[in-house]
Amino acid sequence: MPKKFWLGARALASASSAQTAKSRKRFPLATRLEATSIGRTTLYRWSIAPKGKPIPQSFALRADVSVAFRPADESALPMALRIQRPGEARVEIDFALPEGLSCFGLGERYGGLNLRSRVHTLLTTDDHRHLETTDSLYKSIPVLYLTGSRGAILLFLDSPAPQRWDLDSQLDGHAKIEVHSRRGFSLYVAGPAPIAELLRVYTELTGRTPLPPRWALGHQQSRWSYPTEASVRQIAGEFRARKIPCDTVVVDIDYMDDYRVFSISRERFPKFERMVSDLRADGFHVVPIVDPGVKKSLRDPVYVAGLKAKAFCLDAQGRPFIGKVWAGNSCLPDFLLARTRAFWGDQIKNLLDKGVSGIWNDMNEPALFGQQHPYDPSREALPPDSQQLFLQTAPEGKVGHFEVRGLYGMQMARSAWEAQHEHQPQQRPFTLTRSTYAGGQRYGAVWLGDNLSWFEHLRHSIPMLLNMGLSGFPFAGVDIGGFGGHADAELLIRWYQLGIFYPFFRNHCALGQVAQEPWAFGPSVEKQIRRLIQQRYRLTRYIEALFVEHSETGAPLMRPLAYHYPKDEAARNIDDQFLLGRDILVAPILQRGKRERVVYFPEGVFESFDRGRLVKGPCYERVHWTMGEVPAFVRHGAILPLLTQFEHMGQIDGATLTLRCYGAEAKGRLWLDDGISDPARGTPHGDYRLLLSGGRFSAEACQSGTYVVPRPVQVEALGKRFAFEMP
Ligand code: GLC
């Protein structure tokens, strides 16, 4: 870290102490600083609460986290951060942000990878206008990395209340975080250290995404809506007839009766269960949408059960709060309550009993019609608890909804996750959610909401997903082809060229837009997209090993170049290309009408994925990508486990595995398991370290390989191809 960085922060602290003392007097705060060591990194926890109030229980931290903190002195803090409380419901933390530091993280932000020079509001919002000026989106993930060539500083502000992070918007080297809350919170600080190390520490605290079921890594086809049994069967049938790989068909809100959550429209889906089981027999999984709003109707069994369980959020008079969503007047479950999660879990179980394989949670910011922006922290002071839309029950008692709004979607996803875990212990759960909070990565996948069929949104998906990964969420994707607006042939091919590298790989599209299934634009487009999806399936073993790596270290799948090349100044803020794991450099075309682009290659030798072209970095090179070509290079030094073609994950053991070595000296990892049973409960697996060294290929089983390798594998190394028996 540059010396200036440290000095700048300390100078700011002493200059401001008089002013801080004044505001402290008016609105006294109690603070406590503690430290702990995680690996080689010192982590500080600064607990900050209005005098007389305890720090509320954290939902971000893993329930089983056990780190012992020891008291520390404020002067030990790496950035000499300064706190003040300018209002009864507002705490501010400021610090210097010297020139040259980049800011990464903060979850789902529309804009570039480097978040500097803007104000970022964290307040979960269903805003489908994803424009340059869009500020808050669906998620609230208050973790930031201040990154320079000598390492990064981690800031994690654990509060689900509205926050505004001003990252030098005045261009004068100052940053400020405002927290709009009357509750206390903890600020965690660590570094300087490499980003990878800080992410390890952060996910040590807040948890990691468990291994997804393998089918969920395959291609998922969705649309609002496939509104009848016949249309769902037809879509699935098209995939198989056209030999386009696909594992999942998603059913949107029209599978329900009158949009009543957990109901099935027997008019449109008379034999829903039969449809699901027929599709399973053909290798498809069905994932239904589940929204939080429960229709207020005494004829609705879920509403009646919710009333009985006292499961709903309350208005100021203590009656269930009513808002408008798809089903009309509806109540919202209060997922902070264990009894609500149990009631919801029972409903999820009923749905699982119909044969579905996972749960898609939507509208859980929560989105209410006419209440898109219920509170504007840039203009308003936090209203009293009774005027925060509704009341929820936090562990310490009733609180206004805005105080805990960030937790709504996360706790809803938790409920879906835990229900699957409990009722289907033999399987890995799959939950997809739109809204979430720090730590929500423990409950599965996320997508980034309602994008548009614009090249601009194709382009933005890279920095958005990179920041999600650095914020602890590796299992993320955006709607391929774009949700709103009409896709066209060129956009869809270009989107698949990038989308095959999204960890969560789903084509989804809104009501009323032109169809965008892979065959929608005619045979030649279909052919290119089929080939691209096949390449994704070829990479399944590589992607699975990356999920294993994430569960061990917190490493994201999509990584900015800065993650592996921290000293490379040219690489620092690049956000139109990325690394998938350590070894694949992805650099797609992101503009209409373009056939080539400039790619930055960091230090090393890179070989184009479809083979042939070699580039030695560091350098910038013009690269031409035809439609349908895989827009990626593989790093020399890597061994990729590549599979032959197959159409759904149920067929994976029939595919031939080739361990392809890039360069004369190379390393890789091969992870083999059954793709479905929960590793926490002891999945049999084989974990192999692959090595090409001194002209010899070897594979060492690092954990007694209990998973039987189905067939001999092939090795490609040094221009030769040969069969190889795994140990
Ligand atoms: C929301 C979701 C979208 C879904 C639609 C209808 O807009 O973000 O994915 O298709 O609601 O359920």
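These values consider heavy atoms only, across backbone and side chains, with no hydrogens, waters or symmetry-generated copies. Just follow the structure's listing: the first ligand is 1, and inside any ligand the first atom is 1. Every value quoted in this text rests on a predicted model; they were computed, and no experiment measured them.
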*Asks:* May I ask you to say whether Asp247 pairs ionically with Arg214, meaning some side-chain N is under 4.0 Å from a carboxylate O?
*Replies:*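 Judged by the 4.0 Å cut-off on N to carboxylate O distance, Asp247 and Arg214 do not form a salt bridge.
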*Asks:* Please confirm whether the ring centroid of Trp344 lies under 6.0 Å from the ring centroid of Phe335.
*Replies:*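 Between Trp344 and Phe335, the centre distance is under 6.0 Å.
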*Asks:* Students should be able to answer this: which protein heavy-atom is nearest to atom 8 (O) of ligand 1, and at what distance?
*Replies:*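 Nearest protein contact, heavy atoms only, for atom 8 (O) of ligand 1 is Asp450 OD1, 2.5 Å.
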*Asks:* Show the atoms of ligand 1 that are less than 4.0 angstrom away from any heavy atom in Arg434.
*Replies:*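 Reading through ligand 1 atom by atom, the close ones are 1 (C), 2 (C), 7 (O), 8 (O).
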*Asks:* Give me the ring orientation class for Phe390 and Phe321: parallel if the planes are under 30° apart, tilted from 30 to 60°, perpendicular past 60°.
*Replies:*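 Answer is tilted, since the angle falls between 30° and 60°.
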*Asks:* Does Trp447, backbone or side chain, put an N or O under 3.5 Å from an N or O of ligand 1?
*Replies:*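 Not met; the criterion fails.
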*Asks:* Does this structure show an ion pair linking Arg280 with Glu273, if we count only N-O contacts that are shorter than 4.0 Å?
*Replies:*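 So Arg280 does not pair with Glu273 through a salt bridge.
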*Asks:* Which of these, Lys243, Arg531, Arg242, sits in a salt bridge (charged side-chain N to carboxylate O under 4.0 Å, His left out) with Glu526?
*Replies:*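 Testing each of Lys243, Arg531, Arg242 against Glu526, the sole residue satisfying salt bridge (charged side-chain N to carboxylate O under 4.0 Å, His left out) is Arg242.
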*Asks:* With heavy atoms only and a cut-off of under 4.0 Å, state how Trp360 meets ligand 1: side chain, backbone, both or neither.
*Replies:*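 Looking at Trp360 and ligand 1, just side chain atoms fall under 4.0 Å.
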*Asks:* Taking the six-membered ring for Trp and the single ring otherwise, decide whether the centroids of Trp417 and Phe430 are under 6.0 Å apart.
*Replies:*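 No; Phe430 has its ring centre 6.0 Å or more from that of Trp417.
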*Asks:* Between Asp376 and Ser378, is there a donor-acceptor pair closer than 3.5 Å when you use the side chain of the first and the backbone of the second?
*Replies:*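 Yes, Asp376 side chain to Ser378 backbone: donor-acceptor pair under 3.5 Å.
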*Asks:* Is any NZ, NE, NH1 or NH2 atom of the basic residue among Asp575 and Arg459 found under 4.0 Å from an Asp or Glu carboxylate oxygen of the other?
*Replies:*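 Yes, this pair counts.
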*Asks:* Taking the six-membered ring for Trp, are Tyr375 and Phe402 parallel (under 30°), tilted (30 to 60°) or perpendicular (over 60°)?
*Replies:*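 Tyr375 and Phe402: parallel rings.
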*Asks:* Quick one: look at His128 and ligand 1, take heavy-atom pairs under 4.0 Å, and tell me if it's side chain, backbone, both or neither.
*Replies:*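 Neither; nothing of His128 gets under 4.0 Å from ligand 1.
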*Asks:* Under 3.5 Å between any N/O of Asp479 and any N/O of ligand 1: does that happen in this structure?
*Replies:*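 For ligand 1, there is no N or O atom that lies under 3.5 Å from one belonging to Asp479.
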*Asks:* Taking distance alone, with no angle check, do Asp252 and ligand 1 share an N/O pair under 3.5 Å?
*Replies:*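 Yes, at least one N or O pair falls under 3.5 Å.
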*Asks:* Is it the side chain (CB and beyond), the backbone, both or neither of Ile289 that lies under 4.0 Å from ligand 1, heavy atoms counted?
*Replies:*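 Under 4.0 Å from ligand 1, Ile289 contributes side-chain atoms alone.
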*Asks:* For atom 9 (O) of ligand 1, find the nearest protein heavy atom and state the residue, atom name and distance (0.1 Å precision).
*Replies:*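 For atom 9 (O) of ligand 1, the nearest protein heavy atom is His508 NE2, 3.0 Å.
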*Asks:* May I ask whether Tyr138 places a heavy atom under 4.0 Å from ligand 1?
*Replies:*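 No.
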*Asks:* Look only at interatomic distance and state if Trp224 has a nitrogen or oxygen under 3.5 Å from any nitrogen or oxygen of ligand 1.
*Replies:*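 No, since none of the N or O atoms of Trp224 sits under 3.5 Å from an N or O of ligand 1.
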*Asks:* Students should be able to answer this: which protein heavy-atom is nearest to atom 11 (O) of ligand 1, and at what distance?
*Replies:*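 I find the closest protein heavy atom is Asp362 OD2, 3.0 Å.
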*Asks:* With atoms numbered from 1 as shown, which atoms in ligand 1 lie under 4.0 angstrom from a non-hydrogen atom of Ile253?
*Replies:*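 Under 4.0 Å from Ile253, ligand 1 has these atoms: 6 (C), 12 (O).
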